[in-house]
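First the structure, in the form of structure tokens, and then the observations on it.
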Protein chains: 2
Amino acid sequence: MEVLTTEQKIIEAARKIFTQKGYAATKTRDIAEEAGINLALLNYYFGSKENLFKQIVNEELEDLFGLMSPFLSDSNTTLEEKIRILVKDYTKLLTENEDLPIFVLNELKNNGNIFNHILQQARTMSQPILDNQLKNNGYTISISDFIMNIVGLTIFPFIAKSLLIASGILKEEEFPQFIRNREKLIPEWIFAILKQSRQ
Amino acid sequence: MEVLTTEQKIIEAARKIFTQKGYAATKTRDIAEEAGINLALLNYYFGSKENLFKQIVNEELEDLFGLMSPFLSDSNTTLEEKIRILVKDYTKLLTENEDLPIFVLNELKNNGNIFNHILQQARTMSQPILDNQLKNNGYTISISDFIMNIVGLTIFPFIAKSLLIASGILKEEEFPQFIRNREKLIPEWIFAILKQSRQ
DNA sequence: GTCTATAACCTGATAGAC
DNA sequence: GTCTATCAGGTTATAGAC
């Protein structure tokens, strides 16, 4: 049983509502209510809605990219291990936080410039090492396609969940099993794509 | 040189701004200005912001799913042809309308129930025929995974474009070539995945 | 059908008491 | 630190003239 400070209560409430509804559709009054505090307190602690929002987005970006960068640049981890770990970690993160990807991608579209300092970390290190690992194995796929395929196959079902369900392709209660199943299959699919690029 | 009626001018303006910014961030004043008419006219023709929005979303959903359903249920088209056509058509649609997918998926998340009547069309026909085509070729992949993989590999780069660019993986001017290249590669990747599922 | 002017409402932010 | 009350500004929608 944790006891949260007022500041933490506001942050948790803001994270929940911002990620659910996006920036524009979120009302500071809703955040205050969700946090169980008064509207004035939100401004006392964070100054403005925009300020609070930036803090949330930065944390979410850390979640989403902190996973990727550190070990992708590790040359002692094999390509196969990296694929399996990446799929597994993202599946876990998104299962616990289903609104995260569409929120981040949506807000990034509108305010891409704000978050450069975080994204710059990810960009630097991993690229040359991954590139070498691909080439050394004779795979001719580009690094952009390689990453896009892994991330796309893993993340897209979460983004398209409402669509899958609304279109009747999948039932709500089947979704968790669908995801667990893909968690095993996606690495095999990625290997199949890689092998085909070597032919 | 087409001459648009006032109603059409409003719809075109609304489509542009709604898909760019989403429902909550869009101001009816901006739509009126973009359409070159007065704010009062918007309400004269469409009654309310929400009404106009629903009409736009319905049209966008038609764009996005009208492509899929009719020919997927055609049993005279081979599986390979379906894959190539689907990837090609979606790539064309999204290239001309880059904001479409994230807009639809985002608004669907918040109002999924409103649009069921359109999505129900897509759900009925195509599923059993596709299922047969997969099974007859000995492919053991599920139809949900099959569709999710094609659509995910094709659409995800458009959704993640801002991320790709902000992270430095790709430059803005390289994006069109990146997409044209994937348009050729994705069907081959899908075939590789299918073959692997037969082993 | 199209406009101007304005009503009615909502939202972010602050002043000031406790 | 936390609250109530309120301001200031913006947004949707409508009334009414042309």
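By convention in this document, chain letters (A, B, ...) are assigned in the order of the sequence lines, proteins followed by strands, and residues within each chain are numbered from 1.
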Checklist entry - Under 3.5 Å, is there a donor-acceptor pair between the side chain of B/E98 and the main chain of B/I159? => result no

Checklist entry - Counting distance only, does the side-chain N/O of A/E12 pair as donor-acceptor with the main-chain N or O of A/K9 below 3.5 Å? => result no

Checklist entry - Does B/T6 have a side-chain nitrogen or oxygen under 4.0 Å from the phosphate oxygens OP1 or OP2 of C/dG1? => result no

Checklist outcome for this item: For nucleotides 6-18 of chain C, 5' to 3', base contacts (B), sugar-phosphate-only contacts (S) and non-contacts (-) with protein non-hydrogen atoms under 4.0 Å give -----BBBBB---

Checklist entry - Roughly how many Å is it from CG in B/D30 to P in D/dA13, rounded to a whole number? => result 14 Å

Item to check | Nearest-Å distance for atom pair NZ/C1', residues A/K9 and D/dT2 | outcome: 11 Å

Checklist entry - Any idea how A/F53 and A/F18 line up, ring-wise: parallel (<30°), tilted (30 to 60°), or perpendicular (>60°)? => result perpendicular

Checklist entry - By side chain to side chain contact (heavy atoms under 4.5 Å, CB included), which residues pair with B/Y44, not counting sequence neighbours? => result B/L41

Residues in ring pair (Phe, Tyr, Trp, His ring centres under 6.0 Å) with [X], at least two apart?
| X | result |
| --- | --- |
| A/F178 | none |
| A/Y45 | none |
| A/F158 | A/F175 |

Next on the checklist: Let me check something: do A/I37 and A/L39 share a hydrophobic cluster, defined by ILVMFWY side-chain heavy atoms less than 4.5 Å apart, either directly or through other members?
Outcome noted: no

Item to check | Near-strand residues of residues 10-21 of chain B, defined as heavy-atom separation under 4.0 angstrom from DNA chain C | outcome: none

